[in-house]
Every structure is written in structure tokens, then in C-alpha cells.
Chemist: 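Following this message is one structure expressed as C-alpha cells.
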Amino acid sequence: MGRLSAEFWVGTEARSSALLLALIVGLGTLILHYVFGVWGDRIATLLLMSLMGVLALSVFTGNSGIVSFGHTAFMGIGAYVSGILTMPAAVQKGALPSLPDFLAGHELGLAPALAFVLLAGLVAGLVTGLPIARLSGSGASIATLALLIIIHVILVGAREITRGSQTFYGVPNLTTVWVALPLALAFIVVARLFKDMPAGLRLRAARENEVAAAASGVNIFTARYVGWVLSAALAAVAGAIYGHFLSAFSPKDFYFDLMFTMIAMLIVGGMLTVTGAIVGTALITAVIQILRQVESGFDLGFVHIPIIFGLTLVGLGLALLLAIWRRPLGVAGLYELAWPASAGPTAELAAAPPAPPAQGAALEIAGLTKRFGGLVAAEDVSFRVAPGEIVGLIGPNGAGKTTIVNMICGQLQPDAGDAVLDGASLAGQGPSAIARLGLGRTFQAIRLFDRLTVTENIMVAALSVEESPGSARQAVARLLTRLELRSVADQRAGTLAYGPRRRLEIARALALRPRYLLLDEPAAGMNPAETDALVATLSRIRDDFGVGLLVIEHDMRLIMRLCDRIVVVNKGQKIAEGTPEAVRGDEKVIEAYIGRRRERAAA
């Protein structure tokens, strides 16, 4: 039950933000209605319908960072499904004489029709999301464009159901400002709450850094799939409302022009926030209305402006280019409108005592081998890390250290050998599954979710292993205190200095409650004082959390002071293993590593 509730948990800020945004949109609609009359009603209805479509797009694109060109296809599906289900039977017989029997003669009201539209959107999202959620970046965007074209061709080809490229008429005109308003407000609440739900937080983490998200226990496919399906269902509902506003439409009404307009609204306002989606929709709707008046031509008496075909699309293109040039993150940027938040509790929470390790528990590396073509990056490497033990992994640049860690964590699959975690083989497991099994890691080049707050960075990992939102919050609070990050808890990770960034990465890894922690050059870029502090921090982590540490590092002073044992690799092979004193005097190590450093220093 705790696991289920975690999926629907959101913070106070998200709820207050959703209510404030809904209140603003609601008040704006009322002003347009009561101040501007019939014209205001029409503009308000257009604005609310556009907002529904943009928010549906934002649920996926804004949180995943993948620009979808395919969501207007779902809008088309919604419009046709609702149109068929609500069309009067007499009109339907003339407009769609070959309509299959199971679709004919229903004459539903808008509410039950929207329920079927929502179901159709969910099914369409479930089917189309299977390939698209496995893609990322430009590949995913191109796939959504292909989806738009495919569904457009299907709508044109299904003449018995859609009348093909001809106008689909007879759809009841059911969309008014009072129908669109509650639905638009519901869309605002859903989009804003989803953003801060665990599912939305995981999707945003994947947007920021896929590798780090997987290492934090996030299943990238699942995160994108959930966002895509929800987004598709909302888009179908938005399309149904749009269809009932038009009353007569064809597949081209849900094709490139509408797609371009929605993407312009989202990018101009700010793709990463719900506030941005609302701002962009309002701005572009105003621009469209002004340009359409100019496009149709007018006479000022002293000057006559003729009809200018295509001016609206040109204006949208210019607005989009201007936004990308001057405000790459949109007008709203990363800002999300919300009520002023009250300070949360600052009391420090006692750390949970580490669980005693199982008898014979260890992280065992057995014969790991990896080849890249003719290059042997690692060859038959074996060693073990016991709970509570700090093991150093050293070697010259290019010796294969990071490759070994990547194979242990599942980022690379070995050609031979295995990593065994407390008796369980990690062979074939992906990074997210291995992270949830109890293996945390940091990276040589720090990988944070820069546009998420410090708290959100840690929460992503905590939600992967904790049983409830409450325990996740407690775990995050403890780690903020233990890693001295409480003072910057609400700052975005990308604004932190180097030292806090390193501590945040370690805190995020510890949020997984790992039994073993793999640190890839944690002291890189640190001065001697910061290195001394890091040694104290890592020793305290070992004592307080009972984890085994595998530390890759070039700083021999740190390694000799910190580690219980040291493993040395060179050219992909293990050449020595033992205590710091034994390794320091090993001739192979001196030849391959320590001696070369001294020679370079002398030169």
C-alpha cells in the first residue's frame, strides 16, 4: 500500500501551484466573458482549447525533453471518436453510410463520449509508446513525426469511418467556454501534479541525464512510457473538444499546421514548466488573432493593406525564432508560479542504524573481460569488496578502471566474467535494476540533474528504494544534513560550486541505501583542504552506513590514507592487490604507475 501511495504523492508546493495557476486561468476566462461579451467568449474558448492541447503535449515533452511532433494525431483520434459517438443517427446514415455496426447510432452525450475518447487515447498511447519510449533525443522526435504521418494516412484511408480527406460533418457543436473551462482547469491540475509526482520526477531526471537517472534506480523506458500514455490520453480529450468546436473537420485539421502552432506555444512560453505552457498559449493565441486580422487585409483610410496569405504562419515562425534566440528556455524559463512556501521543518533526523551484513556478503568481481574491437579494456579482472571495507582501484590513465566500474554497474555488459552482489549474479541486469539491488555509484565527470533542486536530485534515488513517500522524505532530510547540503536544499543543482556538487552526487547514491558504493575519482579537481574533508566524509560514510566502498582515484595521498586494500590495474589486467604498504613497495606497481609519476614529476 505504501508503494502505491508513493506513486501519487506530491508536495505542498505542487498542489498550491496547481491551484494558483487554475485560479489565474479561471479569472482570465471570466474577465474575457463578462468584459468582452461574445467576442471574449470565442477568444476564451480558443485559448482554453489550445491550452488543453499544449498541456497534453507538455506532460510528455516538457518532462522528458523530447519534442513530440505526433500529439496532434491523438487529437485527431479523439475528434473522430467523439464525433462518431455523438453524431445524430439520421445525420450519421447520410454522412457515414458504410460505418461499421458497432460504431453506428449511439448518439451519446459529451461526458460519456469523452470517457470513450479517454480510453481510445490510452490504447493509442499504450501501443505507440512501446517503440517511442525506447528512443531518446532526435531519434524519438523523428519517430513521433513518423507517427503523425502514419495516423494521418490511416485517417485519410479509413473512408468508411472518417470520410477520408473529405469534410467530416454532422458533429454536434457542444464546445462552449463553460465546457472548455472546467476541462482546461483539470488539465492544469493534472499536468502540474504529474510533474512533481514520482513518475514525473523520474521522467525529469531522465531528461536531465539518462546515465545518472539509471544509476539512481530509474527505469528510463518505464518513465517515458508512463508520461507518453498519459499525454496521449489527454491529447485525445483535447482533440474531442476541438472537434466539437469545429463541428466539421478533416484529417488536415490535425496535421502540420496545428502541430506547429502547439509546439510554438510550448517553446515560446517555456517547455519545462506548466506556467510556461500557459504563458506561451496566451501569447501565441494573441499573436494569431492579431495576425489573422492583418492577414485578411484592412483599410486605414490613408493606407490600404491587402490580403497577405500565410502571414499567420510567418508570424508564428518569427515568434519561435525570437524566443529560441533571446529566451532559449522560454518566457517563463524554469520559473513555476506558486504561493509563497512556508519554511519546512529543520530538525535533524537521527540516522537509521545500518543493517548487519549477511554472512559471507561481498561484492565479488570474477574474471571481468571487455574488448572494444582489437582493444582489450579489461582482461580477467577479479577482486572483492567486503561490507564496511574501503578498496582502492588505481592504475595509469587508460588502464581500464572506469570500464571495470561500468561493467559492475551494468552500464557495459562484459564479454566474459561476472559481478556478484552478496551471492546474486548481476549478469544481464540493467543499471537501474542493479542500483535498486544495492549498488550505488558516482561518476568521474559529475552527473547531476542540473535543473532539478538538490532535494529533488536525492529524492529521485530515494523513491527507487523507500517503501513510502514519508520514509523517502526522511531519508532525504538525513542525507541533506549528513552531507552538509541542507543550506542549499532548494537550489538547483546546476548552481552549486564544485565541492557541494560532489557531495550531492554522493548523497544521491547513498539515497539508494546501497550495500556497496563505487566512487569514480571523487577527489578530482579538489584542493588539499577539500581532499582532506572528503577523506573524513568517506570514512564517516563507511562507519555510519556500513557500506563497502570501491574508490577509483589518482590521488595517491588520498588512496594510501583512506583504503584498507588497493587493487592495481594496468593495460586492463590486475597487476597487484594488497594493503597500501604492500602495494607501495610492489615492483610491478612502481614500474607501471608510481615510478612513471615520479619520472614525469622529475622531468
Side-chain angles (χ1 to χ4, degrees), residues 13-14 16-29 31-32 43-44 46-69 71 141 184-185 187-196 200 204 207-208 231 234 238 257-292 294 311-340 450-453 491-492 494-495:
E13 182 181 356
S16 69
S17 176
L19 291 176
L20 180 57
L21 291 170
L23 178 62
I24 291 172
V25 171
L27 288 175
T29 301
I31 290 171
L32 285 170
I43 297 301
L46 287 170
L47 177 63
L48 293 169
M49 290 189 304
S50 298
L51 181 58
M52 291 170 63
V54 173
L55 287 171
L57 176 62
S58 175
V59 165
F60 178 75
T61 291
N63 292 303
S64 71
I66 298 170
V67 177
S68 170
F69 298 101
H71 273 62
S141 293
L185 298 183
F187 272 51
I188 291 172
V189 172
V190 170
R192 183 63 188 90
L193 295 187
F194 175 78
K195 179 183 173 185
D196 279 14
R204 288 190 286 139
R207 174 194 73 197
E208 296 297 307
S231 186
L234 293 176
D257 286 357
L258 182 59
M259 174 203 73
F260 177 60
T261 302
M262 286 177 49
I263 291 175
M265 289 175 172
L266 189 60
I267 293 176
V268 168
M271 190 171 73
L272 303 181
T273 64
V274 176
T275 302
I278 295 172
V279 170
T281 302
L283 288 175
I284 295 300
T285 298
V287 169
I288 288 173
Q289 294 306 310
I290 293 170
L291 291 179
R292 280 180 178 167
V294 175
L311 180 62
T312 302
L313 285 177
V314 172
L316 284 180
L318 291 175
L320 189 57
L321 289 174
L322 182 63
I324 294 172
W325 174 41
R326 301 296 298 176
R327 298 279 296 181
L329 293 179
V331 174
L334 297 174
Y335 179 72
E336 196 73 89
L337 191 63
W339 297 107
D450 283 343
R451 288 179 288 197
L452 272 59
T453 66
Q491 290 186 29
R492 298 194 186 279
T495 67

Chemist: Just how far is it from atom CD of Q289 to atom CD1 of I43, taken to the nearest 0.5 Å?
Modeler: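 Atom-to-atom, Q289:CD and I43:CD1 are 3.5 Å apart.
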Chemist: Nearest 0.5 Å please: distance from the CD1 atom of I24 over to the CG atom of L19.
Modeler: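 So the CD1 of I24 and the CG of L19 are separated by 11.5 Å.
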Chemist: For T261, which residues count as a side-chain hydrogen bond (donor to acceptor under 3.5 Å, both in side chains) partner, sequence neighbours excluded?
Modeler: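 Applying side-chain hydrogen bond (donor to acceptor under 3.5 Å, both in side chains) to T261 gives none.
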Chemist: Quick one: pull up OG1 in T29 and CG in L185 and give me the separation to the nearest 0.5 Å.
Modeler: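 The distance works out to 7.0 Å.
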Chemist: For a side-chain contact (heavy atoms from CB on, under 4.5 Å) check, start with the C-alpha distance between M259 and L57, then their side-chain angles and the critical distance, and finish with the verdict.
Modeler: CA-CA 10 Å; M259 174 203 73; L57 176 62; over 6 Å; no
Chemist: Could you check L318, I324, L316 and say which one makes a side-chain contact (heavy atoms from CB on, under 4.5 Å) with L320?
Modeler: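 Testing each of L318, I324, L316 against L320, the sole residue satisfying side-chain contact (heavy atoms from CB on, under 4.5 Å) is I324.
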Chemist: Compare every heavy atom of S17 with every heavy atom of A338, then report the nearest pair and how far apart it is.
Modeler: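 The answer is CB-CB, 3.7 Å.
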Chemist: Does any N or O in the side chain of S58 come within less than 3.5 Å of the main-chain N or O of V54, such that one atom is a donor and the other an acceptor?
Modeler: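 Side chain of S58 to backbone of V54: no pair is present.
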Chemist: Once rounded to the nearest 0.5 Å, what's the spacing between atom CG of L291 and atom CG of L311?
Modeler: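 If we round to the nearest 0.5 Å, L291:CG and L311:CG are 5.0 Å apart.
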Chemist: With sequence neighbours left out, what residues match D450 under salt bridge (Lys or Arg N to Asp or Glu O under 4.0 Å)?
Modeler: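 Here the qualifying residues are R501.
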Chemist: Given 3.5 Å as the limit, does a donor-acceptor pair link the side chain of S64 with the main chain of F60, or not?
Modeler: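 Here the side-chain-to-backbone pair exists.
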Chemist: Is a side-chain N or O of T61 found less than 3.5 angstrom from the main chain of S68, in a donor-acceptor match?
Modeler: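 Yes: the side chain of T61 pairs with the backbone of S68.
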Chemist: Test F187 against L234 for side-chain contact (heavy atoms from CB on, under 4.5 Å), laying out the working first.
Modeler: CA-CA 8 Å; F187 272 51; L234 293 176; 3.7 Å; yes
Chemist: Return the set of residues passing side-chain hydrogen bond (donor to acceptor under 3.5 Å, both in side chains) with T495 (not counting sequence neighbours), or none when no residue passes.
Modeler: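 Only Q491 meet the side-chain hydrogen bond (donor to acceptor under 3.5 Å, both in side chains) criterion with T495.
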Chemist: Using the salt bridge (Lys or Arg N to Asp or Glu O under 4.0 Å) criterion, which residues pair with E208? Sequence neighbours excluded.
Modeler: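 Counting only residues at least two positions away or on another chain, E208 forms a salt bridge (Lys or Arg N to Asp or Glu O under 4.0 Å) with R451.
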Chemist: Could you pull out all residues at least two apart from R207 that satisfy salt bridge (Lys or Arg N to Asp or Glu O under 4.0 Å)?
Modeler: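 R207 satisfies salt bridge (Lys or Arg N to Asp or Glu O under 4.0 Å) with no residue once adjacent residues are dropped.
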Chemist: Can you tell me how far the OG1 atom of T312 sits from the CD1 atom of I290, to the nearest 0.5 Å?
Modeler: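 Here the rounded value is 11.0 Å.
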Chemist: Using distance only, find each side-chain donor-acceptor pair of residues 263-286 under 3.5 Å and give its atom names and separation, not counting sequence neighbours.
Modeler:
from : atom 1 : to   : atom 2 : distance (Å)
T273 : OG1    : G276 : N      : 2.8
T275 : OG1    : E336 : OE2    : 2.6
T275 : OG1    : L337 : N      : 2.9
T281 : OG1    : A277 : O      : 2.7
T285 : OG1    : T281 : O      : 2.6

Chemist: Using the side-chain contact (heavy atoms from CB on, under 4.5 Å) rule, take L48 and V25 through it: C-alpha gap first, then chi angles, then the decisive distance, then the call.
Modeler: CA-CA 9 Å; L48 293 169; V25 171; 3.8 Å; yes
Chemist: Rounded to the nearest 0.5 Å, what's the gap from CG on D196 to CD on E13? Could you check?
Modeler: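 If I round to the nearest 0.5 Å, the distance is 7.0 Å.
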Chemist: If every non-hydrogen atom of R327 is compared with every non-hydrogen atom of V331, which pair is closest and at what distance?
Modeler: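 That would be NH2-O, 2.8 Å.
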